Amino acid sequence: MAPILSKIAIVGAGVSGIAAAKQLAHHQPVVFEATDCIGGVWKHCSYHSTKLQSPRCDYEFADFPWPNRENADFPSHLEILKYLDSYASHFDLRRFIRFNSKVVAVRFISDVSANGDSGEYGVLLPGRPVWEISVMDTESGTIQLYKVEMVVMCIGKYGDIARLPEFPSGRGPEKFAGKVMHSLDYCKLGKEEARELVKGKRVAVIGYKKSAIDLAVECAQTNEGEEEGQACTMVVRGLHWTVPHYWVWGLPFFFFFSTRSSQFLHERPNQTFLKTLICLLLSPIKQGVSKFIESYLTWKMPLVKYGLKPEHPFLEDYASCQMAIMPETFFRHADEGRIVIKKASKWWFWNGGIEFDDGSRSEFDVVIMATGFDGNKKLHDIFPPQFRTFLHYPSGMMPLYRGTINPMIPNMAFVGYLESVANLHTAEIRSIWLARLVDEKFKLPETRKMVEQINEEMEVMKRTTRFYKRHCISTYSINHSDQMCEEMGWNPWRKNTWFSEAFSPYGSQDYNKTTTTTTK
């Protein structure tokens with residue numbers, strides 16, 4: 001089959017993919033989606049009880065608000081899928097999407113250097129194909145080649161490939177007589193299948209992040225009131241802060257982190273000497289804010305009682321985008337014995353269940369590992385060898401300028417790999433920025449300067465949190481958006497008054513292009 005020519009290929013039709021498709025629609029991109037629907041992790045990595053971690057008004061596209069955006073309830077994953085489906089229909093994005101089309105390889109076919117003769121990155125649409133993409137039809141198994149000028153990677157860091165713990169020889173899942181699965185496999189079960197899996201069973205859930213917490217609650221609810229109901233045991237290896245809601249001692253949570261004035265307390269990349277000095281002088285206030293929030297969380301929830309109070313400051317979890325909402329029924333289930341906490345840094349299987357590093361053993365029928373995903377492997381599996389070493393620094397972080405461009409990989413962009421507390425907005429504003437870059441409305445700095453900016457961001461993250469590998473910009477997200485606005489020629493100050501600019505939270509509606517003013 002002869003290769004099909006196209007200008008732009010977008011890989012993935014999750015939140016980032018459809019955001020990129022909408023902004024690049026005037027170039028008629030082709031979007032490859034491995035499954036039969038849009039939605040990404042909301043479709044394929046959600047439990048029946050999964051909800052958004054924030055109000056809907058904090059998770060919406062700038063030019064497509066929720067119809068009931070003032071509703072304070074957190075929408076379910078089904079409501080989010082309906083919203084994304086409405087967005088795709090409203091902007092007629094399905095015309096670009098090739099469903100059941102899995103990208104299995106990308107190959108660089110140009111002999112031209114990525115950075116030109118002067119160290120510049122070069123234009124993203126050079127007028128000739130530079131990438132060859134192998135796309136497999138998941139229904140027929142056939143391979144079709146595409147040749148494109150540019151690729152936008154939107155397959156993200158989550159879903160698709162499970163990250164599994166390593167076990168001593170002879171002590172892995174093969175030793176266990178019961179059933180072992182990853183949370184990714186649990187998500188694929190129907191509602192009744194999931195219920196039957198845990199009903200009346202001794203279940204162990206490995207992990208203590210959002211997916212593990214939700215899974216433990218689902219298991220406890222299934223066994224609540226059952227005559228033969230069993231407790232669900234959470235095997236906790238590392239602790240992270242959770243919050244019951246977005247209020248702290250009567251104050252809204254955004255007051256502490258989502259306004260210009262609150263983010264002024266935190267270090268940001270390439271700040272001036274004066275700003276560095278001010279940050280140093282204000283560091284006691286920053287630490288006081290973290291302690292203030294911690295005091296509320298330990299008062300509101302029995303974290304100490306169950307050994308779930310982390311040793312590190314709350315700020316470190318917020319700065320690494322690891323803060324999670326604790327379901328309101330979690331501790332009630334724990335108090336009633338339907339959720340049992342077992343802390344263990346190491347564990348392995350024996351025939352009847354799990355053995356822990358303290359020498360104790362527990363019997364289980366089902367073990368579900370909510371141990372995350374291997375986003376690195378997703379990219380490595382399809383990337384050509386000559387570019388794999390550029391995908392991640394030794395630290396594990398992906399080097400991306402403005403969270404989008406890898407200076408060492410030509411004619412390619414990445415959307416959905418930078419995290420914040422509002423990932424949809426983060427993906428959308430980067431898609432807007434990328435579209436203007438593609439249209440040559442502005443130019444990128446020299447490759448050397450982009451690398452310096454990336455390195456500076458990484459150093460800031462390392463100084464802010466021990467969990468820096470997640471590449472999260474939550475403590476300086478407004479500044480990050482300011483810099484992108486300035487490059488696009490937009491006024492970075494988006495509010496109507498100075499008071500709002502200082503004390504109102506920033507969100508996607510502040511970046512609606514219909515209300516954009518320019519600086520040049």
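Bear in mind the structure is a predicted one, so any value in this text is a computation, not a measurement. FYI, the numbering just counts along the sequence from 1.
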**Q** In Å and rounded to the nearest 0.5 Å, what is the CD1 to CH2 distance from Ile432 to Trp490?
**A** 4.5 Å
**Q** Any side-chain heavy atom of Met484 within less than 4.5 Å of one from Ser481?
**A** no
**Q** Tell me whether the guanidinium CZ or amine NZ of Lys51 lies under 6.0 angstrom from the six-membered ring centre of Phe74 and within 45° of its axis.
**A** no
**Q** Can the ring centres of Tyr87 and Tyr83 be said to be less than 6.0 Å apart?
**A** no
**Q** Under a 4.0 Å threshold between the charged nitrogen and the carboxylate oxygen, would Lys462 count as salt-bridged to Glu459?
**A** yes
**Q** I'd like to know whether Ser477 forms a side chain to side chain donor-acceptor pair (under 3.5 Å) with Ser420, so could you lay out the CA-CA distance, the side-chain angles of the two residues, the decisive distance to 0.1 Å, and finally the verdict.
**A** CA-CA 7 Å; Ser477 57; Ser420 74; over 6 Å; no
**Q** For the OG1 atom of Thr404 and the CG atom of Leu444, what is their distance to the nearest 0.5 Å?
**A** 9.5 Å
**Q** What I'd like to find out is whether the side chain of Leu391 reaches to under 4.5 Å of the side chain of His380, using heavy atoms alone.
**A** yes
**Q** Do you see a donor-acceptor pair shorter than 3.5 Å between the side chains of Gln287 and Ser283?
**A** no
**Q** Are side-chain heavy atoms of Phe414 and Arg430 found at a separation under 4.5 Å?
**A** no
**Q** Taking all non-hydrogen atoms of both residues, which atom of Ile409 and which atom of Tyr121 are closest, and how far apart?
**A** O-OH, 2.6 Å
**Q** Does the plane of the ring in Phe314 sit parallel, tilted or perpendicular to the ring in Phe253? Use 30° and 60° as the thresholds.
**A** perpendicular
**Q** Heavy-atom distance under 4.5 Å between the side chains of Phe64 and Lys22, does that happen here?
**A** no
**Q** Are Tyr59 and Trp66 an aromatic pair by the rule of ring centers under 6.0 Å?
**A** no
**Q** Taking everything shown except Lys43 itself, do over 12 heavy atoms lie less than 6.0 Å from its NZ?
**A** no
**Q** Measure the CG-CE distance between Asp317 and Met323 for me, rounded to the nearest 0.5 Å.
**A** 9.5 Å
**Q** Is the count of non-hydrogen atoms from other residues, nucleotides or ligands lying under 6.0 Å from Asp92 atom CG greater than 12?
**A** yes
**Q** When you look at NZ of Lys291, are more than 12 heavy atoms from neighbouring residues, nucleotides or ligands closer to it than 6.0 Å?
**A** no
**Q** Would you call Leu124 and Leu434 a side-chain contact if the rule is heavy atoms closer than 4.5 Å?
**A** yes
**Q** Taking all non-hydrogen atoms of both residues, which atom of Ile454 and which atom of Tyr401 are closest, and how far apart?
**A** CD1-N, 3.5 Å
**Q** Are a donor atom and an acceptor atom from the side chains of Gln322 and Lys209 found within less than 3.5 Å of each other?
**A** yes
**Q** Looking at Gln23 and Ala435, would you say the former's side chain and the latter's main chain have a donor-acceptor pair under 3.5 Å?
**A** no
**Q** Does Phe255 CZ have over 12 foreign heavy atoms under 6.0 Å away?
**A** no
**Q** Can you check whether Cys472 and Cys321 have SGs under 2.5 Å apart?
**A** yes
**Q** Please tell me whether Tyr47 and Tyr186 form a close aromatic pair, meaning their ring centres lie under 6.0 Å apart.
**A** yes
**Q** Testing the basics here: between Thr138 and Ala34, what is the closest heavy-atom pair and its distance to 0.1 Å?
**A** CG2-O, 3.6 Å
**Q** Less than 3.5 Å apart, any donor N or O on the side chain of Asp160 or His44 sitting next to an acceptor on the other?
**A** no
**Q** Any salt bridge between Asp482 and Arg268, counting N to O under 4.0 Å?
**A** no
**Q** On a heavy-atom basis, which atom in Ala413 and which in Met150 lie closest, and how many Å separate them?
**A** CB-CE, 4.1 Å
**Q** Hey, are the side chains of Arg237 and Tyr208 touching, using non-hydrogen atoms and a 4.5 Å cut-off?
**A** no
**Q** Under a 3.5 Å cutoff, is there a donor and acceptor pairing between the side chains of Glu316 and Tyr468?
**A** no
**Q** Counting only heavy atoms not in Lys346, do more than 12 fall under 6.0 Å of its NZ?
**A** no
**Q** Check for me whether the distance between the ring centres of Tyr146 and Phe32 falls short of 6.0 Å.
**A** yes
**Q** Below 6.0 angstrom between ring centroids: does that apply to Tyr511 and His425?
**A** yes
**Q** Can you measure from OG1 (Thr50) to CD1 (Ile80) and round to the nearest 0.5 angstrom?
**A** 9.0 Å
**Q** Taking the six-membered ring of Tyr506 as reference, does the NZ or CZ atom of Lys495 fall below 6.0 Å from its centre and within a 45° cone about the axis?
**A** yes
**Q** So Phe387 and Phe108, would you call those rings parallel, tilted or perpendicular, with 30° and 60° as cut-offs?
**A** perpendicular
**Q** I'd like to check Glu440 versus Val123 (side-chain heavy atoms, cut-off strictly below 4.5 Å). Are they in contact?
**A** yes
